[in-house]
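Working notes for the structure below.
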Amino acid sequence: DSGVTQTPKHLITATGQRVTLRCSPRSGDLSVYWYQQSLDQGLQFLIQYYNGEERAKGNILERFSAQQFPDLHSELNLSSLELGDSALYFCASSASGTSWETQYFGPGTRLLVL
Amino acid sequence: AQSVTQLGSHVSVSEGALVLLRCNYSSSVPPYLFWYVQYPNQGLQLLLKYTTGATLVKGINGFEAEFKKSETSFHLTKPSAHMSDAAEYFCAVGYTGFQKLVFGTGTRLLVSP
């Protein structure tokens, strides 16, 4: 158990809909990362937050947005969903968000868009 | 641009055989290098990492990796494979001042009895 929790574990929705994925980092970690894992794209970095502020952005679509709240939990919002958004979405956390730190991954949210 | 190449999307070994998973990176500055493992239906878990110092790094479950700057490589090895090692393995690289990690495409390790 990494100490990172993600809800829900599974999500099935329809094209055009909007969903919110939630992540709680390990106790004491200030930085949260979001990743998308799919068969065709592999593991893709989406976005990083540190103590409530966006720190780095990766291949995140404009239809996707995220935030980190004062209690340090984070949410990833996916809107106008398309079939191609079906994937496993991981959240990871680290103590201070520096590039040499270990990232601790949650179990993921599996999203299926029908 | 930073990148990581993992040679072989699938590697098959017999139980008890040597495991060798290859990782090469591109870099113009000193890298931080990581190996993560993903078991079925789970998130990624750190196996080992190199930041500075000794170039031979030992990790969990008997795995080790050696940072070779001249070859820009960080190959993962284990002397004797166990059935429980069957999983997907990801190499990743990070750099000072560059916040995100860049992950390779992963290598699925298959272990046969």
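Given the structure is predicted, the values throughout are model-derived calculations rather than measurements. Basis for what follows: all heavy atoms, side chains included, without hydrogens, waters or symmetry-related copies.
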Can you tell me which portion of [X] sits under 4.5 Å from chain B's heavy atoms? Options are side chain, backbone, both or neither.
X       : value
A:Gln37 : side chain
A:Ser2  : neither
A:Tyr35 : side chain

Same cluster or not: [X] versus [Y], using hydrophobic residues (I, L, V, M, F, W, Y) connected whenever any side-chain heavy atoms lie under 4.5 Å apart?
X       : Y       : result
A:Leu88 : A:Leu21 : no
A:Val4  : A:Tyr49 : no
B:Phe74 : B:Val11 : yes
B:Phe63 : B:Trp35 : yes
A:Phe69 : A:Val19 : no

Is the side chain of B:Tyr36 donor-acceptor paired with the backbone N or O of A:Gln103 at a distance under 3.5 Å, no angle test?
yes
I need the residue from B:Thr52, B:Thr105, B:Leu101, B:Asn41 with the largest number of non-hydrogen atom pairs under 4.5 Å to chain A.
B:Leu101
In terms of heavy-atom pairs under 4.5 Å, which option from B:Tyr32, B:Phe90, B:Tyr50, B:Tyr95 contacts chain A the most?
B:Tyr32
Side chain, backbone, both or neither: which part of B:Gln45 has an atom under 4.5 Å from a heavy atom of chain A?
neither
How about CZ on A:Arg55, more than 12 heavy atoms from neighbouring residues, nucleotides or ligands closer than 6.0 Å, or not?
yes
Within the supplied structure, the quantity of interest is the number of heavy atoms (other residues, nucleotides, ligands) at a distance under 6.0 Å from A:Leu39 CG; does it exceed 12?
no
A:Trp100 and B:Lys49 have their tightest heavy-atom pair at O-NZ, 3.1 Å
If you look at every heavy atom in A:Phe90 and B:Leu44, which pair is closest and at what distance?
CE1-CD1, 4.3 Å
